[in-house]
Amino acid sequence: MYDVVIIGCGVVGAAAAYELARYDLKVAVLEAENDVATGSSKANSAILHAGYDPRPGSLMAKLNVEGNRLAFEIAHRLNVPVERCGSLVVAFNEKDKEHLQELYRRGIENGVPDLSIISGEQARELEPNLDPGVKGALLAESAGIISPWDYTLAMAEVAVKNGVELFLNTRVTSIEKDEVFHIRSSKGKEFETRYVINAAGVNSDIVAEMVGEREFSVRPVGGEYFLLDKSEGSRVSRVIFQCPNELGKGVLVSRTVHGNLIVGPDAVNSVRNDKGVTAEGLNYVRRTALRSVPSIQFRDNIRNFAGIRANTEFDEFCIGESRSAKGFLNLAGIKSPGLTAAAAIGVYARELLDGMGLELRKKDEFDDTRPVIRFKELPDEEKNRLIKEDPAYGRVICRCETVTEAEIVAALHSVIPASSINGVKRRCSAGMGRCQGGFCSPRVLRIIARELGIDETEVLEEGEGSNVLYSRLKEV
Ligand SMILES: Cc1cc2nc3c(=O)[nH]c(=O)nc-3n(C[C@H](O)[C@H](O)[C@H](O)COP(=O)(O)OP(=O)(O)OC[C@H]3O[C@@H](n4cnc5c(N)ncnc54)[C@H](O)[C@@H]3O)c2cc1C
């Protein structure tokens with residue numbers, strides 16, 4: 001019998017697990033896919049928002065500002081790439097400038113630190129590649145950028161290290177309740193638990209309905225992106241937003257923590273799990289982004305992708321105990337700024353469970369560390385020492401990102417081991433560079449097969465059915 005079962009291991013499920021792992025509880029996380037962070041937490045803008053956008057007084061505003069503070073703290077502690085680069089919302093006309101005033105007012109009410117409105121000239125001094133038509137900007141120095149999948153993985157890894165049980169490839173299919181919850185899953189295994197956390201992202205309404213009436217409906221909104229080569233990574237230093245609208249925060253231009261330039265997203269009503277991109281969507285993104293930063297060289301695009309926002313009919317996260325099932329906590333409809341808010345949502349979830357009657361006793365020991373070796377960032381003496389210790393550090397597999405065989409092997413035997421080519425990529429960046437795995441993925445594939453003791457035809461690119469090789473050619 002578990003005390004708490006968390007459904008879904010995106011950034012919200014991982015943050016809840018990370019928080020609950022500090023307590024003397026039996027906790028399980030059930031994730032439908034073969035890895036953590038494969039939903040919205042993988043495909044987003046990767047921005048730690050300052051918190052001037054949500055409505056003052058809302059839960060979203062509170063969790064955004066607190067989540068921003070916690071995200072930097074946790075990312076630094078757990079070796080997650082993060083940078084407090086600041087952001088600008090740019091105004092092109094008087095109406096936009098009025099909007100900036102409104103955002104500023106909200107930000108002050110929400111308790112956002114280091115917020116100011118600056119002129120177009122001041123904005124161009126900070127960001128010389130801004131369009132000459134920019135008439136003013138809201139500067140938020142507390143905004144930042146992060147690796148969203150590494151953040152999710154880091155919190156999930158620490159949770160697992162501290163006793164939380166993670167079940168991958170385990171899709172929840174039905175839930176029954178008597179004195180406790182009985183959760184059935186695609187694995188055939190039944191999980192019994194006193195409390196449930198629903199962190200199932202775009203499926204959170206479906207999971208909520210497994211125990212009761214519909215209290216909210218997910219209305220998926222897709223967002224498409226360009227990811228440009230590092231040659232474009234210094235086009236801007238801060239996150240450049242345009243004025244947001246009711247569907248999303250508008251098209252942005254930003255550096256990523258890996259040194260690329262990210263441009264997007266649009267906001268189009270979509271269907272769950274449709275991660276395809278369209279010429280129409282991308283053209284809109286390109287056209288809109290060029291208004292803010294006209295010199296972006298889109299020919300240096302190395303990848304397009306899309307993410308799905310778990311928007312609902314409410315202008316708020318759907319957080320709280322289900323009206324139909326006591327002990328069932330929804331952390332649902334976590335749209336943007338959910339990545340930023342996640343850590344604060346995790347803490348709030350623990351407080352809510354406390355109020356719902358869960359007995360909480362802090363563990364005497366909690367290992368809140370996560371050592372990571374990123375070979376290319378090390379000084380030469382350290383590199384030489386590692387190569388002497390393990391010659392696999394001397395074999396560079398991903399040339400674009402300088403990722404060594406030893407780092408790939410480590411990813412395949414880590415606390416939450418990678419089981420696919422993209423899983424390796426999320427853990428050590430192999431395949432993330434300019435050639436997008438064109439050169440290294442056959443070599444990564446071979447290492448995966450060798451390390452996991454499987455045939456090369458069984459190696460997956462990402463989820464179930466994404467086998468890279470179809471069959472072996474007969475030898476002649
Ligand atoms: C285009 C876009 C841009 C965004 N930009 C930002 C940004 O810059 N900054 C920011 O703060 N936020 C941003 N967000 C929002 C942020 O990405 C999300 O709020 C956050 O990732 C939500 O996390 P989650 O854990 O709730 O959902 P997810 O990451 O989707 O995780 C849900 C998990 O539940 C699993 N699951 C679903 N159904 C089941 C089931 N039946 N059984 C078991 N498991 C199940 C899924 O496989 C998935 O892994 C953006 C979102 C999008 C889509």
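Remember, it's 1-based here, ligands and their atoms both numbered in the order they're listed.
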Practice item. Kindly confirm or rule out an N or O of Ala341 lying under 3.5 angstrom from an N or O of ligand 1. Key: no

Exercise for review: Go through the steps for Asp131 and Leu290 under the test side-chain contact (heavy atoms from CB on, under 4.5 Å), then give the verdict.
Suggested key: CA-CA 8 Å; Asp131 188 82; Leu290 288 172; over 6 Å; no

**Study point:** Proximal candidate to atom 38 (N) of ligand 1 [heavy atom criterion; set Asp266, Asn169, Asn203]
**Key:** Asn203

**Study point:** Ionic contact status for Glu33 with Arg171, cut-off 4.0 Å
**Key:** yes

Practice item. Starting from atom 48 (C) of ligand 1, find the nearest protein heavy-atom neighbour and note its residue, name and distance. Key: Glu31 OE1, 3.5 Å

Check your understanding: Under 3.5 Å, N or O to N or O, is Ser40 touching ligand 1 that way?
Key -> yes

**Study point:** Among Glu33, Glu224, Met210, His49, closest by any non-hydrogen atom to atom 7 (C) of ligand 1
**Key:** His49

Review point. Less than 3.5 Å between some nitrogen or oxygen of Tyr225 and one of ligand 1, yes or no?
Key: no

Point to revise | Nearest non-hydrogen protein atom, atom 44 (N) of ligand 1 | key: Ala32 N, 3.2 Å

Review point. Taking N or O atoms only and a 3.5 Å limit, does Val172 qualify as a polar contact for ligand 1?
Key: yes

Practice item. Assess the side chains of Ser231 and Asp229: does a donor N or O sit below 3.5 Å from an acceptor N or O? Key: yes

Point to revise | ligand 1 to Val12 polar contact by distance, N or O atoms, under 3.5 Å | key: yes

**Study point:** The one among Ala46, Gly8, Ala199, Gly39 that brings a heavy atom closest to atom 32 (C) of ligand 1
**Key:** Ala199

Practice item. Quick one: list whatever passes side-chain contact (heavy atoms from CB on, under 4.5 Å) with Thr193, sequence neighbours left out. Key: Tyr2, Val5, Phe181, Ile183, Val196

Check your understanding: Is the closest N or O pair between Gly223 and ligand 1 shorter than 3.5 Å?
Key -> no

Check your understanding: What is the closest protein heavy atom to atom 4 (C) of ligand 1, and at what distance does it sit?
Key -> Asn44 CB, 3.3 Å

**Study point:** Val36, portion touching ligand 1 at heavy-atom distance under 4.0 Å
**Key:** neither

Review point. For Asp367 and Asn162, what are the C-alpha separation, side-chain angles and deciding distance, and is it a side chain to side chain donor-acceptor pair (under 3.5 Å)?
Key: CA-CA 7 Å; Asp367 180 0; Asn162 287 281; 5.7 Å; no

Exercise for review: State if Val221 counts as touching ligand 1 under the rule of any non-hydrogen atom under 4.0 Å.
Suggested key: no

**Study point:** Proximity to ligand 1 by part of Ile308, non-hydrogen separation under 4.0 Å
**Key:** backbone

Check your understanding: Could an N or O of ligand 1 be found under 3.5 Å from any N or O of Ile7, whether backbone or side chain?
Key -> no

Check your understanding: Using 4.0 Å as the upper bound for N to carboxylate O, is an ion pair formed by Asp35 and Arg427?
Key -> yes

Review point. When you measure from the centre of the six-membered ring of Phe305, is the NZ or CZ of Lys42 under 6.0 Å away and within 45° of the axis?
Key: no

Exercise for review: Report the part of Leu30 (side chain from C-beta onward, or backbone N, CA, C, O) that has a heavy atom under 4.0 Å from ligand 1; answer both or neither where that applies.
Suggested key: backbone

**Study point:** Phe314-Phe216 aromatic ring centre distance below 6.0 Å
**Key:** no

Review point. By side-chain contact (heavy atoms from CB on, under 4.5 Å), which residues pair with Arg303, not counting sequence neighbours?
Key: Leu227, Lys425, Gln436

**Study point:** Test side-chain contact (heavy atoms from CB on, under 4.5 Å) applied to Ser186 and Asn169, step by step
**Key:** CA-CA 8 Å; Ser186 55; Asn169 296 306; over 6 Å; no

